[in-house]
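Lettering follows sequence order; numbering is per chain, from 1. Bear in mind the structure is a predicted one, so any value in this text is a computation, not a measurement.
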There are 2 protein chains.
Amino acid sequence: MRAAVLRDGRVEVRETADPVPGPGQLLARTLSCAICASDLHFMDHPEGVAADDSGLWDYHADRDIVMGHEFVGEIVSYGPGTEGRLPVGTRVTSLPVLVGAGPVRIIGCSPEAPGGFGELMLLTESLVRAVPEHVPSDQAALADAFAVGEYYVRRAALGPRDVPLVIGAGAIGLSAVAALRRRGVGPILVADYNTSRLETAKALGATHTISPADRSPYDLWREVALEGRSGRPAFGAADPEAPQCVVFEFVGLPGVLDGIIQGCERGTRILSAGGPPEGDRISSMVAKRKGVNIQFGGGPDPEDWYGTLEAICAGGLDVSPVIGLTVDLDGVPDALQVARRADGPARIMIHPAGDADLGGTR
Amino acid sequence: MRAAVLRDGRVEVRETADPVPGPGQLLARTLSCAICASDLHFMDHPEGVAADDSGLWDYHADRDIVMGHEFVGEIVSYGPGTEGRLPVGTRVTSLPVLVGAGPVRIIGCSPEAPGGFGELMLLTESLVRAVPEHVPSDQAALADAFAVGEYYVRRAALGPRDVPLVIGAGAIGLSAVAALRRRGVGPILVADYNTSRLETAKALGATHTISPADRSPYDLWREVALEGRSGRPAFGAADPEAPQCVVFEFVGLPGVLDGIIQGCERGTRILSAGGPPEGDRISSMVAKRKGVNIQFGGGPDPEDWYGTLEAICAGGLDVSPVIGLTVDLDGVPDALQVARRADGPARIMIHPAGDADLGGTR
C-alpha cells in the first residue's frame, strides 16, 4: 500500500507492506484520518515512548511505522477468528486500540498497528462501530479527539459554582469547550495566543476569549466569575457561595502549568492534559499555599469515546469547526510541518483515497 | 521579656520588648511551645515569605521576631475591647492567628505577633480555648501540628478500597498516621529513612514501615495492598474492586514528589504537604500517563484544629510519642540545629518558664 511512513525520524510517502489482519482483526481502507499533536510527540520524542512501561506504544526508528489514530475506514476483509458482524464495505471507526495475537497496541504507534496515514489499516473487530450513512467521515474520525475533552470535563465533575477557564485552544482544548457547552455550562472562558483559534472556540461555545498577550486570563476570570466579590480567603473558611476556578490545561509546553499555579485563585482545580516530554518545574510552595489540586491525564476512558461518537452521530456535537485543511497522502509531510505551528489549524484531515466516497454530506 | 529572638537571620536568647495586647487580644505567659519545621523554613527562606501575597506572614531581618506557633500559655491580662471570658491564670491554647487593629497575622511569623519562643505572647481572645486540668501542656501545644495530618487525611476522603502510604515520618507525617488510625484505617504504610521515627510511627498506628534505603515503598505497597492482584491497567476500565493507592507526602525536599510520581501505581492520589521553597521538578508525562492526582496543601481548616484539640483533651489522641526532647529558652538555638537534622526528634518542646507549672500529668 501507499502510506506516509515514519522511518528514521522522518515521514516520507512511498510503498510499504500491506497489513494482514490477525485473529479478531479486520482490514480497512482508510477514508479519513486526522493529524493529532500526539503524532508529532510520538515521532519527535521516542525517548518518551521508551520510558513508558505500558507496552501500548512501540517505537522503532529502523522499521516502518504508519501513524494516525483518529480515523474512519471501510471494511475490506476479515482476519481469522472474526464474526464478520458488519458487511464488507461498511464505514467504521474504532477506539485506536489493536488487539490480536500479540501485545495490545495503540493504532498508529507501532510497526504492527498501522494507522490512518496509509491506504490500509488494521482494526479490532470487537471495537469497531459502524458510521451512520448521514455522518461525514471527517466528523466521525474526530470522535477520538473530542473524547479527550469529554473525559476532562467529565472528570472535573463541575458543580454550579465552578467557572471553567480553558488554557489552549488546540483541538483538545476546543473539544473541552464543546463538552462544556454540551453540559450547558456557562460562562466558558478560553485563552490562546491565536485569534483564529479563539474564533473557533466561540463557534464551539466559548463565552469569553482572551489572548494572554493582551491580558491575564486569571484577571478576566476574576472579573467574569467573581463580579466584584472576594475569592477564597487565605485564612478561615471559604465562602460556600463563592465561585470556584477550574482550569483546563491543553498546551503541554514547559512553564504553562506553573503559570497557572502562579496566576490562579486559591483552591483552583487544574485538569492538565499537557505534559512536556522533558518534565516541568512547578512552584510547589505557591501550589501548597493556594491549596491547588492537579488532575493529570488518566483518560479518556472507553465511555468517553463511545459517548462522543454517539453525540456526533446524533447531531448533538458538530466537530467541523476544528477542521482547517484537507490533504491527500502526498500532502502529509508538509501538513505535519503546518501542524507543528501554534497558528496552524486545529485539525488537518488526510484523505488517502482522495476526496471521493467520503460518505455523508461532506 | 526574655525570648529566643530571630534577627538578621539568626536566633539569640536575650531581652526583647514585652508585647502589649491590642483590641480583642490577651497577654499570655508561655508554658510550652514546640519547634516546627516551618519555623526553620521561615527563618531560612524569607524570600518565600516575600512572595506570599496573603499578608499572614511578615518577615523583617532588622526587627525582632519571636517564632513559635504550637503553644500553651496561661492568661496574664486582657487588652482593650475584650470580654475577659476566661479567668486570669487559665491555661489556654489557640489557633496561631492574631487578630487585632492591624493586619491578621500568623503568630510567630511577624514582629507584631510574638510566638512561643519567648516568655510572653499575644493571643486572640475569640480564638483561645481553655486546656482542661488533666491535659499536659505539651500535649495541648501539639494540637496545631496534629491538625495538619487531620486535614490531609480528612481531605483524602478515603474509601474502603484506599490503602494509604505515608512518605516522611516527621511530626506531620506522624500526625497523619494518628489521624488514619483514629478513623480505623488499615493497613497503614509508612516510609522514612530514620528507623527511630518508624518506631514512633508504629506507636501511633502504622502497620507496615519501610526505609527506602532497604526497599521501594511502592513495592511494599503492591505486596500489602494488591496481594498478588493486578493494579489499574494502562488501557480500559479499572477493576472496581482493585485497591487504590493514596500517598501522603510529608517531606518537602526537591525530588520527593517526582519520586512518588515515578514509583506509584496508576491512578494514585497524592496529598502533598511539602513544597520546597525553590520549587520542584516533576515528570509531567509520567503523571499524565498514570492519571495521578495531586492535592497540594490548602489547610488545615479551623475544623481540623478544633477537632484535633478536642480529641487530645478527650484522650482519643495521644501525641506524646512525637516528643523527643525538652529545652528551656537558653536551649533554643541548639535545639533549632537539632531540629534541622533528618534524624532529630519529631518534636522538641520549649518550656520558657522551666519545667514548673506545666499542668496535667506531665
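Note on Arg105(B) versus Asp58(B): salt bridge recorded, some NZ/NE/NH1/NH2 to OD/OE distance being below 4.0 Å.
Note on ring orientation: taking the six-membered ring where Trp is involved, the planes of Phe250(B) and Phe248(B) are parallel (angle under 30°, cut-offs 30° and 60°).
For the side chain to side chain donor-acceptor pair (under 3.5 Å) condition, the pairs that include at least one residue of residues 270-279 of chain B, sequence neighbours left out, are Glu249(B)-Ser272(B).
Remark: the backbone N or O of Thr93(A) is not paired with any side-chain donor or acceptor of Arg129(A) at under 3.5 angstrom.
In terms of heavy atoms, Pro254(A) sits closest to Pro276(A) at N-CG, 3.6 Å.
Chosen from Gly55(A), Ala287(A), Ala273(A), the residue pairing most often with chain B at heavy-atom distances under 4.5 Å is Ala287(A).
Listed in order of number, the residues of residues 163-172 of chain B that approach chain A to under 4.5 Å between heavy atoms amount to none.
One finds the CD1 atom of Ile107(A) at 5.5 Å from the OG1 atom of Thr124(A) (value rounded to the nearest 0.5 Å).
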